[in-house]
Q: 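My questions all concern the structure below.
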Amino acid sequence: MSDYRSVPVADPVHDRRTAPTQPGSRMARRAAAAAPPPPEDRPPHGRRSGGGNGQGKMRALAWISIGVTSVMVAGSLTAYTVYRDALGNIGQKSVKEDMINARPPDTGALNVLLVGSDTRAGDGNAKYGQELARTADAGGKRTDTIILMHISPNRDKAQLISFPRDSMVQIPRCKNETTKQEMPPRRDMINSAYNAGGIACTMSTIETLTGIRINHFVEVDFSGFKNIVDALGGIEICLKSGVNDKASKLVLPPGKSLLNGEKALGYVRLRKYGDGSDIQRIKRQQIFISKVIAKATSNDLLTDVGKLRDFIAAAGRSVTMDPDLANDTERLIEIATSAKQLTAGGVKLTTVPWAPDPADENRVVWTADAAKLFTAIRTDTEVAAPAPSASASTSTKPKVAVKPEQVRVQVLNGTKTVGKAKEVADQLVEQGFNVVGLGNYESPDGTSLAKSEIHYAKSITSAPDYADTLAGAVVPKPSPAEGKVKATNPSLYTNPVVTAGAAPKGTPVIQLVVGEDFDSVKVTKLPDSVNNSTITASKQTNVCT
C-alpha cells in the first residue's frame with residue numbers, strides 16, 4: 001500500500017540554514033525570475049517583533065480567492081452570454097506535466113488548492129512585495145497562504161483547511177518551475193515548495209503529506225486582492241477600537257467601516273492591534289473572508305447584470321487557474337453552489353493541528369491529530385445504498401439503524417503485517433465501535449488476503465444490519481457475507497472507553513478480516529485539537545461583540 005499519509009513530526013536533526021534555495025517565477029505568461037527571499041524568522045504563535053510586512057496579506061489572498069472561485073460563473077444559471085467574454089480574462093496555467101510524483105486516487109470529492117502569491121512581477125504588485133525582496137528585478141515570489149477547499153462527493157458540505165506556512169515538512173522531488181530540472185526531496189518549510197517549484201510542487205507536497213487528491217488550483221496576487229474587494233463595492237468590518245497604524249498605513253475609527261481594496265490590504269496585514277497575536281489576527285481575517293463570500297454570493301450581486309459583469313471581469317484578471325477548472329463551466333457552478341451552502345451553514349476554517357518544532361522554536365510540526373484530520377477528508381466518499389438481497393426483497397422486516405457503539409467486532413489480521421489487527425482495532429475504537437476480540441486469519445493458500453472481508457453469523461437475523469454499519473466505516477468498503485471464518489490465535493481486546501449505549505451482551509459479533517487493500521477506518525469523530533482550531537466565521541457577524 002502506497003504511503004500517502006506520512007505526517008511530519010518533530011525531528012531534531014535538521015538545519016534550515018543548509019536547505020537549498022532555488023529561483024522562482026510568477027507564471028507561464030509572465031517572464032520574470034529571481035531567487036526567493038529567505039523565510040522570515042518569527043515565532044509560530046503569539047506576539048512578534050517588527051512591523052507586519054505582508055504576512056497577513058498573503059493569508060487573506062487565498063481566502064479572497066475562495067470568493068472568486070465560488071462565484072466565477074454563478075450568473076451562468078441565468079445569463080452566461082452577458083459575461084462570457086469576461087471569463088476569457090482568467091489566467092490559465094497547466095501543471096500536469098510538472099506533477100512527477102505518484103498521485104492519490106480520486107474519491108469523487110472536489111479539492112481545490114488556494115494560494116496567495118506575493119509576486120512582485122507586474123506593475124500593480126511591485127509596491128506590495130516584502131521589504132526584503134524589493135530588488136531591482138522584483139521578480140521573486142512565495143506564498144504564505146496555503147488553503148485546501150474540500151467539497152464533499154455529494155456536494156452537500158465544504159470545509160477550508162489552512163496549512164501553517166512555517167510547517168517543517170518533507171518536500172518531495174519536484175521540477176524547478178523555471179529550469180524544469182528535477183530537485184531532490186528535502187525537509188523544509190512547506191511554503192518553500194512554491195518558491196522554486198511553483199504550484200505544481202505545492203500540490204505534490206500536499207498530496208504526498210495528506211493522501212488527498214488535489215483536483216484544481218487557484219492563485220491570486222496583491223493586485224487581484226484589491227480589484228476583487230473594489231469590484232464588490234468594499235467590505236464592511238467592525239472594530240472595538242480605532243486603528244492608526246503606520247506600518248500598514250491604515251487609519252480607521254471605532255465601530256463600522258467600509259473598506260475599499262487599498263484599506264482592505266492594510267486591514268488584513270494589521271498586526272499592532274488588540275493583543276498583537278497571530279491568533280487574533282487570523283480570527284479577524286477569517287471573519288473578513290466570510291463577509292467576502294457572503295457578498296460575492298448575495299442576490300444583490302447575482303441579480304445585477306452590470307455589477308456581476310464588472311465583478312467577474314475584475315476576478316478574471318486577478319486569478320490564475322488550471323485550464324481544466326477555468327474552462328469547465330459545470331465544475332465552477334458546482335463550486336458556486338457549494339459556496340452558497342458554506343455561507344448558509346457557516347464558513348468553517350480549520351487549521352492543521354501543530355506544535356512548536358523542538359529543533360527550532362520559530363517553526364512548527366504537525367501533531368498526530370493532523371493525520372486524523374486528513375483521513376476524515378480523504379475518506380469523505382459517497383455512501384451508496386446497499387443493493388437489496390433476494391431474501392430482503394421478499395421480507396417485510398425493516399432495516400435496523402445500528403450505531404457504531406452497538407456493533408461488536410472481532411478484528412482478524414489476514415495480512416503478513418504483524419500487529420495489523422490491533423492497529424485497525426484501535427482505529428475502530430476511536431470511532432466508537434465496540435471491539436471485543438483480536439486474532440489472525442490464515443487463507444487456504446497461505447498468502448495474504450488481497451481484500452478485506454466482513455463476515456456475520458447466518459443464524460442471527462439482525463446480523464446483516466450490524467455488518468452494514470461496520471462495512472460503511474471501512475475504506476475500501478467490503479461487502480458483508482454470511483458465514484463466519486475460523487480465527488487463529490484469538491485473544492480478547494478491552495476497549496479503553498466504554499461508550500454509553502454500547503452493545504449489550506448477546507448482540508452479534510461481526511468479523512472484520514483485514515486484507516492488503518485496507519486503507520483506513522473513516523474518521524467521523526475528530527479530536528479536540530481539530531475541533532478547537534475550527535472557526536465558523538459566519539456566526540461571528542460582528543467583531544465588535
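Predicted model only: the values in this text are computed from it and were never measured.
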Q: So does Thr208 get a backbone contact from the side chain of Asn101, meaning a donor-acceptor N/O pair under 3.5 Å?
A: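 Checking the backbone N and O of Thr208 against the side chain of Asn101, no donor-acceptor pair under 3.5 Å is found.
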Q: Are the side chains of Val475 and Lys522 in touch, meaning some heavy atoms are under 4.5 Å apart?
A: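 Contact flag for Val475/Lys522 side chains = yes.
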Q: Please check if the side chain of Lys175 supplies one atom and the backbone of Glu97 the other of a donor-acceptor pair under 3.5 Å.
A: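 Yes.
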Q: Between Asn327 and Gln92, do the side chains contain a donor N or O and an acceptor N or O under 3.5 Å apart?
A: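 Yes.
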Q: Let me confirm one number: the CD-CG distance from Gln181 to Asn176, rounded to the nearest 0.5 Å.
A: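 If we round to the nearest 0.5 Å, Gln181:CD and Asn176:CG are 8.0 Å apart.
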Q: Go through the steps for Leu250 and Lys263 under the test side chain to side chain contact (heavy atoms under 4.5 Å, CB included), then give the verdict.
A: CA-CA 7 Å; Leu250 184 66; Lys263 289 182 179 179; 4.2 Å; yes
Q: Quick one: which of Thr350, Ile161, Val523 gives a side-chain contact (heavy atoms from CB on, under 4.5 Å) with Ile377?
A: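 Only one of Thr350, Ile161, Val523 forms a side-chain contact (heavy atoms from CB on, under 4.5 Å) with Ile377, namely Ile161.
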Q: Is Val218 close to Leu113 at the side-chain level, that is, under 4.5 Å between some pair of heavy atoms?
A: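 Not touching, per the 4.5 Å side-chain cut-off.
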Q: Evaluate the criterion side chain to side chain contact (heavy atoms under 4.5 Å, CB included) for residue pair Leu252 and Leu259; output intermediate values, then yes/no.
A: CA-CA 9 Å; Leu252 293 173; Leu259 306 186; 3.7 Å; yes
Q: With heavy-atom distances below 4.5 Å as the criterion, would you say the side chains of Phe217 and Leu325 are in contact?
A: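 The answer is no, as the side chains (C-beta and beyond) never meet within the 4.5 Å cut-off.
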Q: Verify, without hydrogens or angle tests, whether Ser167 (side chain) and Val169 (backbone) share a donor-acceptor contact under 3.5 angstrom.
A: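 Not a single qualifying donor-acceptor pair exists.
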Q: Report yes or no: does Asp230 contribute a side-chain atom to a donor-acceptor pair with the main-chain N or O of Gly261 at less than 3.5 Å?
A: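 Yes: the side chain of Asp230 pairs with the backbone of Gly261.
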Q: What heavy-atom pair brings Pro172 and Thr205 nearest, and what distance separates the two atoms?
A: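 Minimum heavy-atom contact is CD-OG1, 3.3 Å.
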Q: Report yes if the side chains of Val364 and Asp357 come closer than 4.5 Å at any heavy-atom pair, otherwise no.
A: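 Side chain of Val364 against side chain of Asp357, heavy atoms only: no contact under 4.5 Å found.
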Q: Would you call Thr379 and Ser520 a side-chain contact if the rule is heavy atoms closer than 4.5 Å?
A: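 A side-chain contact under 4.5 Å exists here.
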Q: Kindly write out the residues that satisfy side-chain hydrogen bond (donor to acceptor under 3.5 Å, both in side chains) with Asn260, not counting sequence neighbours, or none if the list is empty.
A: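 Asn260 satisfies side-chain hydrogen bond (donor to acceptor under 3.5 Å, both in side chains) with no residue once adjacent residues are dropped.
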Q: Who pairs with Glu182 by salt bridge (charged side-chain N to carboxylate O under 4.0 Å, His left out), at least two apart in sequence or on another chain?
A: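 Here the qualifying residues are Arg173.
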Q: Under the rule for salt bridge (charged side-chain N to carboxylate O under 4.0 Å, His left out), what residues qualify as partners of Lys180, not counting sequence neighbours?
A: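 So Lys180 forms a salt bridge (charged side-chain N to carboxylate O under 4.0 Å, His left out) with Asp98.
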Q: If the plane angle is over 60° it's perpendicular, under 30° parallel, otherwise tilted; pick one for Phe163 and Phe374.
A: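 It falls in the parallel class, under 30°.
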Q: Is Arg378 paired with Asp519 through a side-chain N to carboxylate O contact shorter than 4.0 Å?
A: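 Salt bridge between Asp519 and Arg378, a charged N being under 4.0 Å from a carboxylate O: yes.
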Q: Can you tell me how far CD1 of Ile190 sits from CD1 of Ile171, rounded to the nearest 0.5 angstrom?
A: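 Ile171 atom CD1 to Ile190 atom CD1 measures 6.5 Å (nearest 0.5 Å).
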Q: Nearest 0.5 Å please: distance from the OG1 atom of Thr351 over to the CG atom of Leu160.
A: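 Rounded to the nearest 0.5 Å, the OG1-CG separation comes to 10.5 Å.
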Q: For residues Leu258 and Gly233, report the shortest heavy-atom separation together with the two atoms involved.
A: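 Closest pair (atom of Leu258, atom of Gly233, distance): CD2-O, 3.8 Å.
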Q: Consider only side-chain N and O atoms of Thr367 and Trp354, and report whether a donor and an acceptor are under 3.5 Å apart.
A: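 Their side chains do not contain a donor-acceptor pair, so the 3.5 Å distance test is not met.
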Q: Regarding Lys93 and Glu219, does a basic nitrogen lie under 4.0 Å from an acidic carboxylate oxygen?
A: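 Yes, charged N to carboxylate O under 4.0 Å.
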Q: Which residue pairs pass the disulfide bond (SG atoms under 2.5 Å apart) test when at least one of the two sits in residues 149-213, sequence neighbours left out?
A: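 Only Cys174-Cys201 qualify under disulfide bond (SG atoms under 2.5 Å apart).
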Q: To the nearest 0.5 Å, tell me how far Ile151 CD1 sits from Leu110 CG.
A: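 Rounded to the nearest 0.5 Å, the CD1-CG separation comes to 4.5 Å.
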Q: Using the side-chain hydrogen bond (donor to acceptor under 3.5 Å, both in side chains) rule, take Arg186 and Ser192 through it: C-alpha gap first, then chi angles, then the decisive distance, then the call.
A: CA-CA 10 Å; Arg186 68 187 189 280; Ser192 70; 3.2 Å; yes
Q: Considering only residues two or more places apart or on different chains, which pairs with a residue in residues 364-376 satisfy salt bridge (Lys or Arg N to Asp or Glu O under 4.0 Å)?
A: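 Output for this query lists Asp369-Lys372, Lys372-Glu430.
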Q: Suppose we screen for side-chain contact (heavy atoms from CB on, under 4.5 Å). Which residues come up paired with Ala109, at least two apart in sequence or across chains?
A: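 Residues passing side-chain contact (heavy atoms from CB on, under 4.5 Å) with Ala109: Thr107, Asn111, His150, Pro153.
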Q: Going through the distances and angles, do Val112 and Leu148 end up as a side chain to side chain contact (heavy atoms under 4.5 Å, CB included)?
A: CA-CA 6 Å; Val112 183; Leu148 180 66; over 6 Å; no
Q: Please determine whether side chain to side chain contact (heavy atoms under 4.5 Å, CB included) holds for the pair Val243 and Val251, giving the CA-CA distance in whole Å, both sets of side-chain angles, and the decisive distance to 0.1 Å.
A: CA-CA 5 Å; Val243 173; Val251 178; over 6 Å; no
Q: Do Ile212 and Pro104 come close enough that some side-chain heavy atom pair is under 4.5 Å?
A: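 Contact flag for Ile212/Pro104 side chains = no.
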Q: Any non-hydrogen side-chain atom of Ser257 less than 4.5 Å from a side-chain atom of Tyr267?
A: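 No, every pair of side-chain atoms sits at 4.5 Å or beyond.
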Q: So how far is it from Ile237 CD1 to Leu239 CG, rounded to the nearest 0.5 Å?
A: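 Answer for the CD1-CG pair, Ile237 versus Leu239, is 3.5 Å.
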Q: For the atom pair CG (Asn362) and CE (Met189), what is the distance rounded to the nearest 0.5 Å?
A: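 It is 9.5 Å, given to the nearest 0.5 Å.
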Q: Salt bridge (charged side-chain N to carboxylate O under 4.0 Å, His left out) with Asp324: which residues, sequence neighbours excluded?
A: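 Here the qualifying residues are Lys96.
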Q: Does any part of the side chain of Glu207, heavy atoms only, come nearer than 4.5 Å to the side chain of Arg213, both counted from C-beta?
A: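 In short, these two side chains touch, coming nearer than 4.5 Å.
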